[in-house]
Structures are given as C-alpha cells and as structure tokens.
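Only heavy atoms go into these numbers, but all of them, side chains included; no hydrogens, no water, no symmetry mates. Counting from 1, the numbers follow the sequence of the chain as shown.
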Amino acid sequence: MTTQSTTLEVPKDVTPRYHGRKWIEVNLPETACDWSHGGDKSITTDNGDINALVETLRDLNQNDSWKWPKRKHYFLSDLHADADALAASLVASGGVRQLGPSPHDFELTKAGRKSVFVIGGDCFDKGPSNLELLRGVRHLKDQGARLRILAGNHDIRLLFGMRVVGENKDVRNEHFFVRAGQKIMPLLKEIVDTYLTPKKMSSIPDAKTCRARLFPRESWFEEFPKIQGGDIVPAQVDRELNRIAKKVENFERHCTDHGLDLRQVYAATRQWKRLFLKREGEFRWFYRNLRLCYRSGSFLFVHAGVDDAVTKMLLKQGIGHINEQFQVAMKEAPFDFYYGSLCNTIRTKYRDVDRPFTRKGARNVHRAGITAILHGHRNLHHGQRLSLRHSQINFECDTSLDRHTRRVENVNGRGASVTIIDPSGRILGVSSDFPQVKVFEPQQTLKALINGTQAKPKR
C-alpha cells in the first residue's frame, strides 16, 4: 500500500511548544507534515485498500461527523514503568514545563492547565521505575491537571495477581499471580529493595509455604476446564492451561534471574497490598481512579480496542455503564471480566484468536457517534499510525516508549510520544521516532490521500 501524497502546506503554529526540553535528552520534531506522509508507517487499512479510507473520510466529512472536544486532549499510552518517558512525553505535549533533571521536576503550562491528560493504560511492568512513574502521574494530578487514567492489560493482570496471593484458593483465580510471570519481576525487585528490611523479612514463612501461597494447586489443572462462566471457550481453556504450566515451570528461574527468592517475592506481594489496597497506602488512588474507556466529543479512548459485544454495549448503554461494569468486575468478578468480552478493551490485537470486530461492530460505533478510536497496546517504531478497520478509524498510539522495550526491539534513543486532539479540528502525532509531527485534518488529509492515490470518486 502506498500513501505518499503531494505536499500540502501545514500551518507553522501546529507543532507544540516544548518547554524545558534541555532536561529530557530526547529529540523532538520541529516541523510538521500531513498524516498521509510516511507510507505504512503512518497509515494502514484492511487489505491495503487506501480507497476505503478515502471513502470513509469523505462520508464522515460530508455528514459533519467530527465533534471536537472543547478542551485539548493529550493521550499518552504504554509508559510501562518508565518515569523518564513520562516526563519526556509531557514535555512533548506542550502541557508541561520541565524544570530540572528529575522526572518529577515539572509544572503545568498555561496550555496544560486548560487541557485534559489521558493516560492510556499499561503503567506497570517491564521497568525500571514502576513506583516513580506513578509518583509522576500523581504529581501531574496534584498540579491540578484534568486527568483520566485508563486500565491496561498489565495494570489489571497485576491487580488480579497480587490480590489473590495468600487468599483462600479459588480455581477461578488462583493462577492469576503466576500468570503475570516474569514481567512483574522488576516491580517485585523494586519493592524488595525499597521497603523490605531484614526485620520485616523475619516474619515471612519458609520457601515451601510461600510457594504454596503464590502458586496454583496441582489440582488446578484438572479443575479449571470444568469452570462455567466468563464466556470462556474450549480453545481459550487449552491455551490457558498450556500457558500456566509453562509459567509455573519457569517462575522460580525468573525470580533467580532478578536476584529474588520466593520468600522475598511473597513479602513483596504483601507490601504491594499495603501500598495499593490499604486505606493509608501511597498508591491507593491508582486503581480507584481507573476507568475502562473515556469519551470526549466523537472520540473514544481505550487501551487496546473493541469487539462487537462491547460496541453493542457502547451503543445501547453508553460509556458510563461500561465503566460501572468494569468497577464491579474488578472487585467482585475478576474471572468473568478477564475471560469475558469487556476485557477485549484492554487485550485485543485484532487477531483471529481475539473476539471479533466486524462491520456490524463498526456500524455500532458509528451509530454511537464515534468517529475515531484512540488506543495503545500494539507497539510501533515510527510514531503513531492511523488504522482503518471495517470503516472504523483508529489511531494507534503505542510507540515503544519505555527503555526496556526500546532495548529489546533495538529502537534507538530515548522515547517520547503524545497524541494531541486539538479543538481547532486536528490530531497531532508527536514522537521522537518520526522526524515530523504527523497532522491529521479531515479535509486536508482527504485531499492529500486523493492527490497521492488518484482514488476514484465514490459512486
């Protein structure tokens, strides 16, 4: 598929003003281009058919479907425990002024005080600074920012896993801790190094007892397939059994690789509960403020995406109902949530194994008044990307921000990224991994696509 277009002039005042960039050591783009530039790095469609995007944009523009928020929105997603990536991305938004080298040395700009910051999920795992990242988010809130925090699959998997440790065994959820696997090791190590003194460790039971409290029972592998509920299907059960068997086999090796033993791991889960679930806990605010999705104007923000069942709920019952169901499920029905349709919003990658999103789902989204969905979860290496799925426009905004991902995937330099919805009628993709700010304006981008593809007029 080719989306290279003839150049269209982009206003000079489009790019954000970067305040205090000398402190973040990240390259940020100084110029802008229409979103149609960059080929597959900027746009992808079903079956590579760019004409389908042209037709979709033409319909949305003719029907005046774009309803822009009254406030500017900054969308940052998949920070994965990298506090420096948060600081750099906030500077990239123009909504924050960095004042010093610490990731918490910032204050809101005039633009930031008027805007909405949306954290798109996956604050946890991978490392290196889970707790410092959350302190940065909290500092943003304490500065007076309008803040919305969405749930990501890593955030919920961590909650479900930590919460069941030491509780009475329940075949529906006793595997959740081991399921979190090696990805939670940096957080466990962080907690051990920060909080667990020899005195606190003296009350922790022996390794055998800790293992029994952390791991599912051996009988779990026979009992789990008999469970009813959660819309779980046989193929999903088989995948889960295989996955958990491998994670049980490798878990202690991963602990050793991170300098941990099972007693320290168990102690870390107890400390995590004090920090996140107890009334006096420093981070209790985090899960209490999570929502599954957020809407402003005709834009829907989620972590991963939607399926047909969720779009039907969106159309019939609305965002408020979805978030209420999520809050209840987090507390009372983790199994039903994790293996049900609502969880698709935090884990789908639109693969064949995921719950389906079809043309019917796209129609539901359109009828609900949504023109575009912004999400993360599918990491990219060249800035944000516009994706068309069954006539539904999506902006994919996970740009491999955290240093762990960048190292593993050989992405050069430090990461910074923010997707900006501007009330003036444009969407900006700012990323340290693309040389220009990508600018989406419905009418201008449509013209650029037509000029670049010689798309045939819709009949």
If only side-chain N and O atoms count, and only distance matters, is there a donor-acceptor pair under 3.5 Å linking [Y] with [X]?
X: His377; Y: Asp122; answer: no
X: Asn364; Y: Thr311; answer: yes
X: Arg389; Y: Gln392; answer: no
X: Ser77; Y: Asp398; answer: no
X: Gln436; Y: His37; answer: no
X: Ser432; Y: Asn27; answer: no
X: Asn168; Y: Glu174; answer: no
X: Thr405; Y: Asp402; answer: yes

How about Ile119 and Cys123: do any of their side-chain heavy atoms sit closer than 4.5 Å?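 Result yes, sub-4.5 Å side-chain heavy-atom pair found.
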Would you indicate whether the side-chain heavy atoms of Trp272 and Phe283 approach each other to under 4.5 Å?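 Not in contact.
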Among Gln182, His154, His404, exactly one meets side chain to side chain donor-acceptor pair (under 3.5 Å) together with Asp125. Which residue is that?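 The option that passes is His154.
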Give the ring-plane orientation class for Phe117 versus Tyr74, where under 30° counts as parallel, over 60° as perpendicular and anything between as tilted.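 Aromatic pair Phe117/Tyr74 classed tilted.
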Quick check with a 6.0 Å cut-off and a 45 degree axis cone: is Arg347 positioned over the face of Tyr338's six-membered ring?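 Judged by the rule, Arg347 and Tyr338 form a cation-pi pair.
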How far apart are the C-alpha atoms of Glu409 and His381, what are their side-chain angles, what is the distance that settles it, and do they pass the side-chain hydrogen bond (donor to acceptor under 3.5 Å, both in side chains) test? CA-CA 9 Å; Glu409 300 183 358; His381 299 157; 2.4 Å; yes
Any salt bridge linking [X] with [Y]? Criterion: basic side-chain nitrogen under 4.0 Å from a carboxylate oxygen.
X: Asp40; Y: Arg385; answer: no
X: Arg135; Y: Glu132; answer: yes
X: Arg138; Y: Glu282; answer: no
X: Glu167; Y: Arg213; answer: no

With ring pair (Phe, Tyr, Trp, His ring centres under 6.0 Å) as the criterion, how do Phe124 and Phe286 come out once you've worked through the C-alpha distance, each side chain's angles and the decisive distance to 0.1 Å? CA-CA 11 Å; Phe124 287 105; Phe286 179 77; 5.4 Å; yes
Just to verify, what does Asp257 make a side chain to side chain contact (heavy atoms under 4.5 Å, CB included) with, not counting sequence neighbours?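 Side chain to side chain contact (heavy atoms under 4.5 Å, CB included) list for Asp257, sorted by chain: Arg253, His254.
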To the nearest 0.5 Å, how far apart are [atom1] in [X] and [atom2] in [Y]?
X: His73; Y: Arg148; atom1: NE2; atom2: CZ; result: 7.0 Å
X: Asp84; Y: Leu401; atom1: CG; atom2: CG; result: 12.0 Å
X: Leu79; Y: Asn130; atom1: CG; atom2: CG; result: 11.5 Å
X: Arg21; Y: Ile24; atom1: CZ; atom2: CD1; result: 7.0 Å
X: Phe434; Y: Thr399; atom1: CZ; atom2: OG1; result: 12.5 Å
X: Tyr266; Y: Thr269; atom1: OH; atom2: OG1; result: 6.0 Å

Salt bridge (Lys or Arg N to Asp or Glu O under 4.0 Å) pairs, two or more places apart, involving residues 95-104: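 For residues 95-104: Arg97-Glu107.
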Please list all pairs passing the salt bridge (Lys or Arg N to Asp or Glu O under 4.0 Å) test where one or both residues lie in residues 177-195, with sequence neighbours left out.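 For residues 177-195, and leaving out neighbouring residues, the salt bridge (Lys or Arg N to Asp or Glu O under 4.0 Å) pairs sorted by first residue read Arg179-Glu240, Lys189-Asp193.
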Less than 6.0 angstrom separating the ring centers of Phe335 and Phe176, yes or no?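 Between Phe335 and Phe176, the centre distance exceeds or equals 6.0 Å.
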Check for me whether the distance between the ring centres of Phe276 and Trp285 falls short of 6.0 Å.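 Ring centroids of Phe276 and Trp285 are no less than 6.0 Å from each other.
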So among Phe251, Phe160, Phe215, Trp220, which one has a ring pair (Phe, Tyr, Trp, His ring centres under 6.0 Å) with Phe177?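 Considering Phe251, Phe160, Phe215, Trp220, a ring pair (Phe, Tyr, Trp, His ring centres under 6.0 Å) with Phe177 is found only for Phe251.
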Step by step, would you call Trp23 with Phe106 a side-chain contact (heavy atoms from CB on, under 4.5 Å)? CA-CA 10 Å; Trp23 298 106; Phe106 65 79; over 6 Å; no
